[in-house]
Amino acid sequence: MARRKKIYEGKAKILYEGPEPGTLVQYFKDDATAFNAQKKDVIEGKGVLNNRLSEYFMTGLNSIGVPTHFIKRLNMREQLIRSVEIIPLEVVVRNVAAGSISKRLGIPEGTALPRPIVEFYYKDDKLGDPLVAEEHIIAFGWASQPDLDDIVSLALRVNDFLSGVMTGVGIKLVDFKIEIGRIWENDFQRLIVADEISPDSCRLWDMKTGEHLDKDVFRRDLGNLADAYTEVARRLGVLPTNVTHATKPTLIN
Ligand code: UDP
């Protein structure tokens, strides 16, 4: 059997050539990294959970008219997606201060922000993904002003949707990161939500207890990451039937 072609391998996912032109297969690994890959581990079951959760969020976005790369889930770890040209920006939306904004501006973690704040980071591991201004993005040609207007509007729609969904299950959406892709339809380009939306790329706090249900559990050694993601999936009703930490095969009648 011919081996399928690997297009790209990142820290948490692999992209393979898709079955049709304009498609790719996105494979979710169990690898977890933080601090620009200085901290690494393998978290059994994480890839399966993120595949399901990203499907859940992207499908919901598609259904309210926010375009995303998601086409369909293929199996426990893989989904079929549209191939896009990734804009080299991490688009972060914040509702509550945490992480880098707290450090940079001295705002205590947990402070509600007066309005959602959209930030851009230039995707470059060698530089440590630096925060950039719209001026840099336009001057260096990473995106145009009309693209940026679309990106901000997409980011805020994603924020409204995700905040609502998470509030419904007792979770506060503190912040999240998305990536945006360009697709061409005849002579027109369209911007769509790409990459993934999962607890790897969001900060999610339990509304009652303040418990972290996101990658900070790994970054800050707060407990078991797979358990935190499983809790998010359970509350959303998207728990896959087969994620267990079974160490030995079990007999199925
Ligand atoms: N984030 C991400 N990938 C990155 C950097 C940040 O998914 O490379 C997410 C992160 O999980 C959080 C949000 O973006 O939900 C804001 O992250 P922040 O700027 O506070 O950086 P951090 O404290 O994670 O270094």
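Counting convention: from 1, in listed order, for ligands and their atoms alike. Numbers here simply count residues along the sequence, with the first being 1.
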Can you tell me if Lys103 has a non-hydrogen atom under 4.0 Å from ligand 1? no
Shortest protein contact, atom 6 (C) of ligand 1 (heavy atom only): Glu90 OE1, 4.4 Å
Salt bridge (Lys or Arg N to Asp or Glu O under 4.0 Å) with Asp200: of Lys46, Lys215, Arg219, only one passes, and it is Lys46
Under 4.0 Å between a side-chain nitrogen and a carboxylate oxygen: does that hold for Lys123 and Glu179? yes
Under 3.5 Å, is there a donor-acceptor pair linking the side chains of Tyr229 and Ser198? no
By number and element, which atoms of ligand 1 are closer than 4.0 Å to a non-hydrogen atom of Asp129? 8 (O)
In the structure I gave you, are the side-chain heavy atoms of Gln189 and Asp147 within less than 4.5 Å of one another anywhere? yes
Quick one: are Met58 and Ile81 in side-chain contact, heavy atoms under 4.5 Å? no
Against the six-membered ring of Phe28, is Arg77 placed for a cation-pi contact (under 6.0 Å from the centre, within 45° of the normal)? no
Ser144 side chain near Ile138 side chain, heavy-atom distance below 4.5 Å: no
Checking the N or O distance criterion of under 3.5 Å, is ligand 1 in contact with Arg219? yes
Who's the nearest protein heavy-atom neighbour of atom 14 (O) of ligand 1, and how far? Lys177 CB, 3.4 Å
Can Lys40 and Asp31 be counted as an ion pair, charged N to O under 4.0 angstrom? no
Ile71 side, atom CD1; Gln26 side, atom CD - distance, nearest 0.5 Å: 11.0 Å
As an exercise, identify every atom of ligand 1 less than 4.0 angstrom from a heavy atom of Arg94. 16 (C), 18 (P), 19 (O), 20 (O)
Looking at Gly99, which atoms of ligand 1 are within less than 4.0 Å of one of its heavy atoms? 20 (O), 23 (O)
Protein heavy-atom partner closest to atom 15 (O) of ligand 1 - residue, atom, separation in Å: Asp175 OD1, 2.6 Å
For Ser100, counting its heavy atoms only, list the atoms of ligand 1 lying under 4.0 Å from any of them. 18 (P), 19 (O), 20 (O), 21 (O), 23 (O)
Near Ala98, which atoms of ligand 1 are under 4.0 Å from a heavy atom of that residue? 20 (O)
Suppose we measure from atom 22 (P) of ligand 1 to each protein heavy atom; which comes out shortest, and what is that distance? Arg203 NH2, 3.6 Å
Sub-4.0 Å protein heavy atom next to atom 18 (P) of ligand 1: yes
Can you tell me if Tyr121 contacts ligand 1 (heavy atom of the residue under 4.0 Å from the ligand)? yes
Applying side chain to side chain contact (heavy atoms under 4.5 Å, CB included), run through Leu236 and Tyr56 and close with a yes or a no. CA-CA 9 Å; Leu236 293 169; Tyr56 179 78; 3.9 Å; yes
The atoms of ligand 1 lying under 4.0 Å from a heavy atom of Cys202, numbered in the order shown, are 15 (O)
If the contact criterion is a heavy-atom separation under 4.0 Å, does Asp200 count as touching ligand 1? yes
